[in-house]
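Written out below as C-alpha cells is the structure these notes cover.
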2 protein chains.
Amino acid sequence: MKGPRHLGELQLAILRALWQQGDSAVSDVHAALRDRGLALTTIATMLRKMEEKGLVAHRENGRQFLYRARVAPELVQRNLVSELVSRLFDGDPLELVNHLLRAGEIELDELDALRRKVAEAERNAPRERP
Amino acid sequence: MKGPRHLGELQLAILRALWQQGDSAVSDVHAALRDRGLALTTIATMLRKMEEKGLVAHRENGRQFLYRARVAPELVQRNLVSELVSRLFDGDPLELVNHLLRAGEIELDELDALRRKVAEAERNAPRERP
DNA sequence: CCTCGATTACTACCATGGTAGTCGTGATTC
DNA sequence: GAATCACGACTACCATGGTAGTAATCGAGG
C-alpha cells in the first residue's frame with residue numbers, strides 16, 4: 001500500500017471530486033471543476049494519466065467511462081500531511097498544531113471541544129494497539 | 001506582503017537552511033544539504049533563481065556571496081499550511097487536527113499539554129486584536 | 001443508410017522545477 | 001608575474017504537470 005508522493009494540484013482536485021461523487025463520467029468531473037474553466041479533454045487526459053499511475057480506475061457504462069478513485073482519502077491525507085510536517089516542522093506534528101494556534105487558524109476552545117469529542121469516541125471504540 | 005505560493009521541494013529545504021544558519025555562503029547551504037548529493041552549482045543556481053523571485057537576498061563579503069532569507073518562516077508556514085487545509089480538508093483547519101489524532105500522529109495528552117502551554121502563554125502576553 | 005452529436009483516445013505542446021557543465025574572475029602562492 | 005585554486009555566473013538540458021487540439025467511435029433520429 002504505497003502512498004502517492006507527488007500529487008499535483010489538479011490531480012488532487014479530481015480525486016476530491018471522485019471521493020465526493022463516487023463513480024463519475026468525465027463530464028461529471030468536468031462539471032465539478034467548472035470554476036477552473038478547463039477543457040473537457042484536459043480532464044479526460046488527466047484521468048487517463050492518473051489511471052496509469054494507479055490513482056483511479058474506470059469501468060465502461062455504455063459509451064461512457066465511469067471513473068472511481070483507487071486511493072483512500074485517509075491515505076492521501078496521511079502522506080501529504082506527514083510530508084508537510086517533515087518539510088516544515090522538522091517532523092513534529094505537534095508543532096503544526098502549535099502553528100495553527102499561533103496563526104489564529106484555530107481557537108483554544110475549538111481545540112478543547114475536539115479533544116473532548118475524540119476522547120469520547122475513543123472511549124466508545126478503543127483503538128487497537130499494534 | 002504576498003505569500004510564495006508554489007515553493008518547490010529543494011527551495012524549501014534551502015530556505016530552511018537559511019533560517020537555521022542565518023547568512024550563508026553557497027558552500028554553507030551546500031554543506032547543509034549534503035545528504036542530497038547535489039552539485040555546488042545546483043545550489044548556486046537555485047539561490048539565484050530564488051533571488052529573482054524575492055525569496056532570498058545576498059550581500060557580498062569579499063569574494064563570497066552571503067545569502068539570507070527574505071521571507072519569514074511563519075509566513076511560509078502560514079501559506080503552505082492553509083493551502084494544504086483548503087486542498088485537503090475543505091478549508092477547515094480543525095479537520096486537520098482531527099486527522100492527526102485519528103492517524104495516531106499526535107496523542108490526546110500531547111494535545112492537552114500543548115493546549116495548557118498556549119493558554120498559559122496567552123495569559124502572559126495577550127493577543128492584540130486587529 | 002446517413003448524418004449529427006456526444007464522448008473518449010491520441011498526441012503535441014508549454015511552463016516550470018530541478019540539475020549540472022563550463023566559463024570568467026579574482027585571490028593566493030611561489 | 002605565472003600557475004593554481006575557490007567561487008559564483010551563465011546557460012543548456014531534462015523530467016513532469018498541466019493544457020488543449022484533433023481524430024476516432026458509436027448511438028440516435030431521420
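Each chain gets a letter, A, B and so on, in the order the sequences are listed, and its residues count up from 1. Model, not experiment: these values are computed from the prediction. Hydrogens, waters and symmetry mates are skipped; everything else that's a heavy atom, side chains included, is used.
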Atom-pair distance (NZ on Lys49(A); P on dT16(D)), nearest Å:
10 Å

Given atom CD1 of Ile14(B) and atom C1' of dT19(C), what is their separation to the nearest angstrom?
12 Å

Whole-Å distance between dG26(C) P and Asn61(B) CG?
17 Å

Which nucleotide sits closest to the side chain of Thr45(A): dC10(C), dG18(C), dA6(D)?
dC10(C)

When rounded to whole Å, the CE to P distance for the pair Met46(B) and dT16(C) reads 13 Å

Need one value for Leu47(A): base, sugar-phosphate or nothing, where a base atom within 4.0 Å counts as base even if backbone is also close, heavy atoms only.
nothing

Under 4.0 angstrom between Gln11(B) side-chain N/O and dG18(C) OP1 or OP2
yes

Note: Glu105(A) and Ser82(B) closest approach over all heavy atoms is OE2-CB, 4.0 Å

Take Arg48(A) and Gly8(B), find for each the nucleotide of DNA chain C with the closest heavy atom, and name the residue whose nucleotide sits nearer the 5' end.
Arg48(A)

Would you say Glu110(B)'s side chain and Glu107(B)'s backbone share a donor-acceptor pair under 3.5 angstrom?
yes

Do Arg102(B) side-chain atoms and His99(B) backbone N/O form a donor-acceptor pair below 3.5 Å?
no

Connected via hydrophobic side-chain network under 4.5 Å: Leu12(B) and Leu55(B)
yes

Can you tell me how far P of dG18(D) sits from CD of Glu52(A), to the nearest Å?
14 Å

Whole Å only: how far is the CG atom of Leu40(A) from the P atom of dA6(C)?
12 Å

Given dG8(D), dG21(C), dA20(D), the nucleotide with the shortest approach to the side chain of Leu38(A):
dA20(D)

Kindly point out which of dA20(C), dC7(D), dT7(C) is positioned nearest to the side chain of Gln64(A)?
dT7(C)

Value in whole Å for how far the P atom of dA9(C) lies from CD of Glu60(A):
8 Å

Tell me what Ala39(A) touches on the nucleic acid: a base, only sugar-phosphate, or nothing, going by heavy atoms under 4.0 Å.
sugar-phosphate

For dG17(C), does either OP1 or OP2 sit under 4.0 Å from a side-chain N or O belonging to Lys53(B)?
yes

Using a cut-off of strictly less than 4.0 Å, decide whether Thr42(B) has a side-chain nitrogen or oxygen near OP1 or OP2 of dA20(C).
yes

Atom OH of Tyr67(B) and atom P of dG8(D) are separated, to the nearest Å, by 8 Å

Checking Ser24(A) side chain against Gly22(A) main chain: does a donor-acceptor pair fall under 3.5 Å?
yes

